[in-house]
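Counting starts at 1 for both ligands and their atoms, following the listed order.
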Amino acid sequence: MHLEGTILHGRDFEPIEGRVVVENGRVEAVERTETESTDVVCPAFVNAHTHIGDSVAKEAGAGLSLDDLVAPPDGLKHRLLRAASREEMVAAMRRSLRFMQATGTAACVEFREGGVPGVETFAAAREGIDVDAVVLGRETEDAMHASDGFGASGARDGDFAAVRGATREAGKLFGIHAGERDADDVDAAIDLAPDFLVHMVHATDDQIERVADSELPVAVCPRSNLVTNVGVPPIRRLAERTTVALGTDNVMLNSPSMFREMEFAAKLSDVSAETVLRMATVDGADLAGLDCGVVEAGAPAKLLVLDGDSDNLGGAKDPVRAVVRRAGQADVKRVVL
Ligand SMILES: [Zn+2]
């Protein structure tokens with residue numbers, strides 16, 4: 001298979017006119033050559049933080065505080081999840097995953113509520129869908145053993161030391177929310193030596209220093225933070241010191257579209273379009289230990305082809321800026337996963 005057009009090549013997304021040669025699911029070569037194609041070929045996205053389980057609760061709870069919305073165990077989200085049948089859960093999650101695939105997402109890092117049954121429900125929803133998922137179980141140690149690791153709510157919600165240790169022993173990923181509504185739970189979260197943090201909206205300079213010292217990646221979710229009215233994450237300060245990846249967080253609050261998340265991240269912060277595209281692709285892959293997120297020879301062929309001559313994108317002077325700040329589902333021509 002050959003894909004032609006403007007190729008956003010490597011970790012720097014250098015625009016190259018040419019073709020991507022794909023064989024056996026891998027990029028065999030990226031060749032510079034003249035082409036008639038106005039397509040833009042970029043890596044498919046990695047959504048570094050999702051709660052797809054709350055697809056049954058879209059747009060519920062307008063105006064509620066963060067705690068009333070999502071805090072365990074009795075926030076609105078958790079009550080709606082408990083009230084939904086397994087069939088409703090599977091069907092709703094499946095639709096979200098299909099939407100993610102259609103909008104160019106190759107993989108997501110999913111915090112999956114509901115213990116072991118929650119992990120199994122997610123697996124059922126993902127059957128036949130090509131979006132890879134790193135699933136982090138929640139609530140019980142068994143959920144960690146049944147999945148790819150453990151996704152903790154936040155250091156103020158309980159003592160996670162034991163499950164953190166068990167997750168390390170199992171050689172799995174441990175992620176934790178931190179600094180979402182204030183800075184009080186950040187140091188305790190870092191003390192757990194997690195594999196990554198989520199949010200860090202209120203991180204202090206000292207805490208960002210600690211993150212840099214331990215090379216701790218951070219998943220930021222700016223749209224979620226706007227919906228819950230907790231502030232705007234310090235994307236530039238974090239990105240200067242560590243790996244920052246982009247996530248869409250709760251489907252309850254936001255559509256899991258990486259196009260929308262990139263646009264918000266780019267326009268709310270003063271980092272380059274290349275940095276934002278890295279956050280939406282290879283940095284998310286690095287955070288979760290996945291091998292994807294770049295277009296280069298030898299990489300898995302997880303690719304997104306956009307119509308660079310759509311009415312939306314046609315004539316754009318800077319293809320990376322156009323993808324990050326302007327592109328959307330209507331510009332998607334093909335998703336190769
Ligand atoms: Zn979250």
Side-chain angles (χ1 to χ4, degrees), residues 46-58 60-61 64-78 80-81 93 96 100 105 107-115 118-119 122 133-139 143-144 147-158 160 163 173-182 185-186 188-189 192 194-203 216-233 235 238 244-258 260-261 264-265 279-280 284 287-288:
V46 176
N47 190 336
H49 188 60
T50 58
H51 300 261
I52 293 168
D54 51 42
S55 298
V56 290
K58 289 173 193 168
L64 292 183
S65 72
L66 177 62
D67 281 349
D68 289 340
L69 272 175
V70 298
D74 289 322
L76 176 63
K77 157 187 167 148
H78 299 278
L80 289 171
L81 292 192
M93 284 194 276
S96 291
M100 292 164 73
T105 294
C108 63
V109 182
E110 163 73 4
F111 275 37
R112 190 62 266 272
E113 291 80 9
V119 172
F122 186 82
V134 173
V135 180
L136 304 186
R138 309 189 71 179
E139 292 143 42
M144 177 274 288
S147 67
D148 302 307
F150 193 84
S153 51
R156 63 160 61 83
D157 297 325
F160 292 100
V163 73
L173 274 182
F174 182 91
I176 184 166
H177 298 87
E180 187 173 10
R181 74 169 115 100
D182 55 50
D185 62 355
V186 175
L192 290 165
D195 294 298
F196 64 91
L197 300 169
V198 181
H199 289 309
M200 292 291 272
V201 176
H202 297 281
L216 195 48
V218 176
V220 296
C221 311
R223 281 187 307 156
S224 167
N225 300 147
L226 290 175
V227 177
T228 57
N229 200 25
V230 294
V232 176
I235 293 174
L238 287 166
V244 177
L246 210 51
T248 60
D249 209 2
N250 303 76
V251 177
M252 180 183 188
L253 309 176
N254 284 303
S255 100
S257 163
M258 291 300 283
R260 289 191 172 196
E261 203 67 41
F264 271 71
M279 288 165 47
L287 173 144

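For His177 (side chain) and Leu197 (main-chain N/O), no donor-acceptor pair under 3.5 Å exists by modelled atom type. A donor-acceptor contact shorter than 3.5 Å is absent between the side chain of Asn225 and the backbone of Val230.
Residues passing the side-chain hydrogen bond (donor to acceptor under 3.5 Å, both in side chains) test with Glu113 are His51, Lys77, Arg138, sequence neighbours excluded. With sequence neighbours excluded, no residue satisfies side-chain hydrogen bond (donor to acceptor under 3.5 Å, both in side chains) with Ser255. In this structure, the side-chain hydrogen bond (donor to acceptor under 3.5 Å, both in side chains) partners of Thr50, at least two apart in sequence or on a different chain, are Glu110.
For the Zn ion (ligand 1), the nearby protein N/O/S atoms, meaning those under 2.8 Å, are His49 NE2, His51 NE2, His177 NE2, Asp249 OD1.
The 12-atom threshold is not exceeded at CZ of Phe264, counting heavy atoms of other residues, nucleotides or ligands nearer than 6.0 Å.
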